[in-house]
Number of protein chains: 2
Amino acid sequence: MSPVETPLKPEADDATLVSGVGLLIFRLARASAWRLGRSLTDSGLRWPEFAVLHHLDAEGPIAQRELALALRIQPSNLVALLDHLQERGLLARAPDPADRRRHRVELTVGGRRAVKRAREATRRAEGEMLGPLSAEERRQFRALLVRLTAHTCDRGAAGRGGRC
Amino acid sequence: MSPVETPLKPEADDATLVSGVGLLIFRLARASAWRLGRSLTDSGLRWPEFAVLHHLDAEGPIAQRELALALRIQPSNLVALLDHLQERGLLARAPDPADRRRHRVELTVGGRRAVKRAREATRRAEGEMLGPLSAEERRQFRALLVRLTAHTCDRGAAGRGGRC
DNA sequence: TATTGTTATACTCTATAACTATA
DNA sequence: TATAGTTATAGAGTATAACAATA
């Protein structure tokens with residue numbers, strides 16, 4: 001390569017390669033919110049509510065504080081969310097006998113049924129969203145997401161654990 | 001495998017593989033918003049504003065309508081956003097002489113300087129965010145994101161083009 | 001009549017601080 | 001005093017409808 005000539009399409013260096021990835025994530029998140037939200041309307045759930053039910057279904061009963069920590073939701077914001085789900089009879093809250101400050105959150109039978117139905121709907125939405133990818137690429141993408149979100153540093157994590 | 005025995009950790013099938021990918025995207029987006037937002041505070045920009053400047057810098061002058069379409073921002077929400085950037089002298093708006101309904105948006109010199117500085121900051125933030133991944137994996141992840149967001153179906157796209 | 005930009009408004013999600021009841 | 005949950009409130013981001021100017 002001559003020093004005076006600059007290539008029309010220069011190969012991206014390492015810094016350029018990751019540049020803009022944040023904006024791409026936002027765009028994908030918006031599209032995901034739209035598709036997922038639409039798929040959840042039949043269940044009458046919004047996606048943070050689905051996240052709560054999904055986590056309770058996967059991990060079992062848990063105290064509110066731990067639930068908030070796991071989902072990176074502010075405990076204060078979790079309250080109304082759980083209230084709504086409880087009013088609909090999808091989960092139950094009961095004070096822990098050993099420490100009555102802690103409230104144990106648990107799915108009801110109706111909650112388990114609801115999350116099962118909602119997951120079926122979101123599965124379809126996610127399938128459409130990942131349409132451009134092959135089965136192997138979907139596996140890759142999901143694996144990368146899992147690794148990237150395993151130790152996320154958001155507001156909740158930074159305030160407490162101090163790992164950020 | 002015996003028909004009565006069920007494996008403790010059954011291999012995920014194709015449907016299970018993509019299940020939950022929406023929630024993972026939301027989690028990553030939140031972490032990304034936090035990191036990117038923090039990196040942009042010095043520039044006094046919020047991430048949708050950075051997205052506007054970034055797009056203008058990359059693609060050149062453009063009408064408001066096209067800008068809104070490209071960034072999947074509602075035209076009505078774009079107004080205040082551009083107002084703020086214009087007040088700070090980072091971009092200029094002028095009616096197109098050929099069609100005075102259309103407003104041509106263009107970066108100023110200060111705007112180009114600002115986006116350059118902001119991009120430097122976000123690059124670092126993105127680098128931290130992608131920390132768990134190798135250079136090759138970052139390339140893969142970014143490529144997958146580009147393909148997934150190339151034909152996103154969000155509210156804006158569904159309302160108009162009708163591709164969804 | 002259709003389109004571009006604009007205003008007004010409401011809703012979702014998130015963040016912060018102050019309060020209560022338990023420990 | 002410290003912690004779990006709660007209340008109140010403010011802010012960012014997004015969606016919708018109605019409007020003025022222009023075509």
Side-chain angles (χ1 to χ4, degrees), chain A residues 23 25-27 29-38 40-41 44-52 62-84 86 93-105 152 154-160, chain B residues 22-23 25-27 29-38 40-41 44-52 62-69 71-84 86 93-105 152 154-160:
Chain A
L23 296 179
I25 290 169
F26 290 154
R27 169 171 294 203
R30 224 167 6 178
S32 179
W34 181 67
R35 277 202 194 274
L36 242 69
R38 217 177 42 158
L40 286 172
T41 45
L45 295 172
R46 284 164 304 187
W47 72 259
E49 296 173 333
F50 171 64
V52 165
I62 188 178
Q64 262 182 235
R65 186 187 188 283
E66 317 301 332
L67 183 59
L69 215 61
L71 297 179
R72 268 76 169 172
I73 294 177
Q74 298 298 120
S76 57
N77 293 326
L78 193 54
V79 177
L81 220 160
L82 295 180
D83 284 347
H84 185 223
Q86 190 171 10
R93 266 188 289 192
D96 180 348
D99 181 346
R100 302 210 336 272
R101 291 174 303 181
R102 299 172 72 84
H103 289 192
R104 181 183 136 105
V105 186
T152 51
D154 50 22
R155 199 116 201 156
R160 282 175 257 246
Chain B
L23 296 178
I25 290 169
F26 290 154
R27 170 171 293 203
R30 226 170 0 181
S32 179
W34 181 68
R35 278 202 194 273
L36 241 69
R38 217 177 43 157
L40 286 172
T41 45
L45 295 172
R46 285 164 303 188
W47 73 260
E49 295 173 335
F50 172 64
V52 165
I62 190 177
Q64 259 181 241
R65 187 185 186 284
E66 316 302 332
L67 183 60
L69 216 61
L71 297 179
R72 268 77 167 176
I73 295 177
Q74 298 298 119
S76 57
N77 293 327
L78 192 55
V79 176
L81 219 160
L82 294 180
D83 284 348
H84 185 223
Q86 191 172 8
R93 265 189 289 191
D96 180 346
D99 182 347
R100 305 214 330 273
R101 289 174 304 181
R102 299 171 74 82
H103 289 191
R104 181 184 136 105
V105 187
T152 52
D154 49 23
R155 200 115 202 156
R160 283 176 258 247

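Here the structure is a predicted model, which means the values were calculated and not measured.
Atoms NE2 (B:His103) and C1' (D:dT22) sit 10 Å apart, rounded to a whole Å. For the pair A:Leu78 CG and C:dA15 P, the computed distance is 13 Å after rounding to whole Å.
OP1 or OP2 of D:dG13 has not a single side-chain nitrogen or oxygen of B:Gln74 nearer than 4.0 Å. For A:Trp47 and C:dC13, the shortest distance from a side-chain N or O to OP1 or OP2 is below 4.0 Å. OP1 and OP2 of D:dT3 both lie 4.0 Å or more from every side-chain N or O belonging to A:Arg65. Side-chain N/O atoms of A:Arg102 include none lying less than 4.0 angstrom from OP1 or OP2 on D:dT3. Using a 4.0 Å cut-off, no side-chain N or O of B:Arg30 falls inside it from OP1 or OP2 of C:dC13.
Using a 4.0 Å heavy-atom cutoff across all strands shown, A:Asn77 reaches at least one base atom of the nucleic acid. B:Pro95 comes within contact range of no nucleotide atom at all, as no heavy-atom separation falls under 4.0 Å.
For A:Leu81 against A:Pro48, the heavy-atom pair with the smallest separation is CD1-CB, 3.9 Å.
Geometric assessment of A:Arg38 against the ring of A:Trp34 yields a positive cation-pi assignment under the 6.0 Å and 45° thresholds.
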Go through the steps for B:Leu45 and B:His84 under the test side-chain contact (heavy atoms from CB on, under 4.5 Å), then give the verdict.
-> CA-CA 10 Å; B:Leu45 295 172; B:His84 185 223; over 6 Å; no
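Rounded to the nearest 0.5 angstrom, A:Leu36 CG and A:Trp47 CH2 are separated by 9.0 Å.
Residues A:Arg93 and B:Arg101 each lie close to DNA chain D; by heavy-atom proximity, the contact nearer the 5' end of the strand is made by A:Arg93.
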